[in-house]
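Okay, so here's the structure we're looking at.
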Amino acid sequence: MTRISRNLRKWTSEVLDLPQDVLFDMPRLTLIGSKQLYIENHRGVVHFSGEKLVLDLSVGRLEVSGEKLVIRNIMPEEVAVEGLIKSIQYLGTEDVK
């Protein structure tokens with residue numbers, strides 16, 4: 001993304017009072033205790049098991065670790081996960097292998 005584009009999006013966000021996750025295509029995470037996690041603005045599931053969920057993002061990946069993880073709901077840009085969530089880690093493009 002060019003500097004002009006970033007500045008324009010930032011200005012638009014401030015003037016129109018729009019959430020930055022919408023303008024910058026960033027993920028939005030909602031964690032309820034350690035039992036439920038809702039993730040919006042993902043690009044797909046890369047890996048899923050009872051202990052780990054890896055989602056592709058517009059930039060990088062998101063890794064969720066836990067126990068007895070279950071995908072309760074999955075839509076094109078939103079996923080709901082339940083289980084014992086132990087960690088959430090953002091892997092930027094330099095960390096993704």
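Numbers here simply count residues along the sequence, with the first being 1. What you see below is based on every heavy atom in this structure, not just the backbone, and it leaves out hydrogens, waters and symmetry mates.
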Linking I/L/V/M/F/W/Y whenever their side-chain heavy atoms sit closer than 4.5 Å, directly or via other members, would V70 and L84 fall into one cluster? no
On a heavy-atom basis, which atom in L69 and which in V64 lie closest, and how many Å separate them? CD1-O, 4.0 Å
Any heavy-atom pair between the side chains of P27 and E40 that's under 4.5 Å? no
Salt bridge present between E82 and K35 (N-O < 4.0 angstrom): no
Given the rule that I, L, V, M, F, W and Y join up when any side-chain heavy atoms are under 4.5 Å apart, are V59 and L29 in one cluster? yes
Taking every non-hydrogen atom, the tightest pair across V45 and L55: CG2-CD2, 3.7 Å
Taken to the nearest 0.5 Å, the spacing of L37 CG from I85 CD1 works out to 4.5 Å
Can you tell me how far CD of Q89 sits from NZ of K52, rounded to the nearest 0.5 angstrom? 9.0 Å
Can you measure from CG (D56) to CG (L62) and round to the nearest 0.5 angstrom? 10.5 Å
Test question: given the 4.5 Å side-chain rule for I, L, V, M, F, W and Y, name all other residues clustered with V54, or answer none. V46
Taking Y38 as the starting point, is it possible to reach I88 by hopping between hydrophobic residues whose side chains are less than 4.5 Å apart? no
How many angstroms lie between OG in S87 and CD in E63, if you round to the nearest 0.5 Å? 7.0 Å
When rounded to the nearest 0.5 angstrom, what distance separates CD in E67 from CD in E51? 7.5 Å
Less than 4.5 Å apart, side chain to side chain, heavy atoms only: is that true for L31 and Q36? no
At what distance, to the nearest 0.5 angstrom, does NE2 of H42 lie from CZ of R28? 14.5 Å
Sequence neighbours excluded, the answer for side chain to side chain donor-acceptor pair (under 3.5 Å) partners of E78 is none
